[in-house]
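Small disclaimer: the values here were computed from a predicted structure and weren't measured.
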Amino acid sequence: MPQEAILLKECFAVSTQLSSDFAELPSNGMQAVKTYYASLSEGFRNTFPNKPEEEDPFADFLDLWSDPGFPEFDADLIIQGDPEAKTQFAFISGHEADVPALASLIQKVCKSALPFGFQWAEVADKDIADGFGGGYYVVTDTEIFGGSTRWLMKETLQTLRAGAT
């Protein structure tokens, strides 16, 4: 959906803004954060509403990351397809992308694509232990399944060992 593609681009821009311009705000700088939040699209504010118990209007958006202090996807976004068409394609790539945050973003923003699945690869430029791998996520409206191949292998081995005893 075109509006989802626009919102996805906006989320990437907000991530960049939050991780750079507002990284070291003085305590009275929250007004600048609130002004920035108010300037964003209605779609963004509806998808990531203010949490009444939080002073930071971006608290819901920051929940995408396991460490809200580093709100970076570390990825590039390219949207392809006719902007007026119902189908557009988002290509997300990065050298050290925050894959769980991206899965959470897809769940919140790309509702028309759900259920949705994607894979990723981890590679190292040297032969090192655990230097290669990857994984997958399947994203539904209510859940995110999957993880890294390293984690999936560990879980499977633990299950097999528990069943052998």
Side-chain angles (χ1 to χ4, degrees), residues 1-23 25 30 32-123 133-153 155-156:
M1 303 286 283
Q3 61 270 32
E4 290 176 350
I6 291 167
L7 181 55
L8 199 56
K9 287 180 185 179
E10 186 175 24
C11 289
F12 269 72
V14 169
S15 167
T16 299
Q17 186 80 20
L18 292 179
S19 62
S20 59
D21 289 354
F22 299 115
L25 279 177
M30 188 52 68
V33 172
K34 290 178 180 180
T35 300
Y36 177 57
Y37 179 82
S39 74
L40 297 171
S41 73
E42 184 178 340
F44 183 90
R45 294 189 318 269
N46 287 338
T47 303
F48 301 100
N50 278 312
K51 289 183 171 183
E53 70 278 6
E54 297 284 344
E55 182 182 14
D56 187 343
F58 288 99
D60 193 39
F61 182 68
L62 295 173
D63 283 345
L64 295 173
W65 289 271
S66 60
D67 184 349
F70 297 98
E72 298 178 27
F73 295 115
D74 290 322
D76 297 316
L77 170 69
I78 297 171
I79 304 289
Q80 291 185 341
D82 180 3
E84 302 302 318
K86 288 188 177 192
T87 303
Q88 293 184 320
F89 300 94
F91 296 93
I92 301 172
S93 62
H95 208 38
E96 294 184 25
D98 188 334
V99 181
L102 290 165
S104 295
L105 178 69
I106 291 166
Q107 185 182 49
K108 295 275 273 185
V109 172
C110 304
K111 299 284 188 189
S112 70
L114 301 179
F116 178 80
F118 67 92
Q119 300 177 64
W120 78 91
E122 297 173 4
V123 296
Y136 78 95
Y137 278 114
V138 171
V139 181
T140 73
D141 203 26
T142 58
E143 295 185 78
I144 299 175
F145 303 95
S148 72
T149 54
R150 191 174 301 111
W151 175 81
L152 293 166
M153 180 180 65
E155 290 292 311
T156 302

So which pairs with a foot in residues 61-74 pass salt bridge (Lys or Arg N to Asp or Glu O under 4.0 Å), sequence neighbours left out? K51-D63
Would one find more than 12 heavy atoms of other residues, nucleotides or ligands at under 6.0 Å from atom CZ of F70? no
Got a sec, which pairs hit salt bridge (Lys or Arg N to Asp or Glu O under 4.0 Å) with one end in residues 87-108, sequence neighbours left out? D60-K108
K9: partners by side chain to side chain contact (heavy atoms under 4.5 Å, CB included), with sequence neighbours left out: L77, I79
For E4 and A113 the tightest heavy-atom approach is OE1-N, 4.5 Å
Student check: side-chain heavy atoms of F48 and L62 closer than 4.5 Å: no
Parallel, tilted or perpendicular: which fits the ring planes of F118 and W120, with parallel below 30° and perpendicular above 60°? tilted
F44-F61 aromatic ring centre distance below 6.0 Å: yes
Looking at every heavy atom in both W151 and G147, which two are closest together, and how far apart are they? CE3-CA, 4.3 Å
Hits for side-chain hydrogen bond (donor to acceptor under 3.5 Å, both in side chains) against D141, two or more places apart or cross-chain, chain-then-number order -> K111
By side-chain hydrogen bond (donor to acceptor under 3.5 Å, both in side chains) - contacts of E10 (at least two apart): S41
Between C11 and F73 the two heavy atoms that sit nearest each other are O-CE1, 3.8 Å
Does the ring center of F58 lie less than 6.0 Å from the ring center of Y37? yes
side-chain contact (heavy atoms from CB on, under 4.5 Å) between Y36 and S39, intermediate numbers included: CA-CA 5 Å; Y36 177 57; S39 74; 3.7 Å; yes
Check whether any side-chain N or O of T149 sits under 3.5 Å from a backbone N or O of G134 as a donor-acceptor pair, and report yes or no. yes
To check you understand the geometry: which heavy-atom pair defines the closest contact between E55 and K34, and what is its length? O-CE, 3.4 Å
Is atom CD of E54 surrounded by more than 12 heavy atoms (other residues, nucleotides or ligands) closer than 6.0 Å? yes
Does I144 have any side chain to side chain contact (heavy atoms under 4.5 Å, CB included) partners at least two apart in sequence or in another chain, and if so, which? A103, S104, Q107, Y137, V139
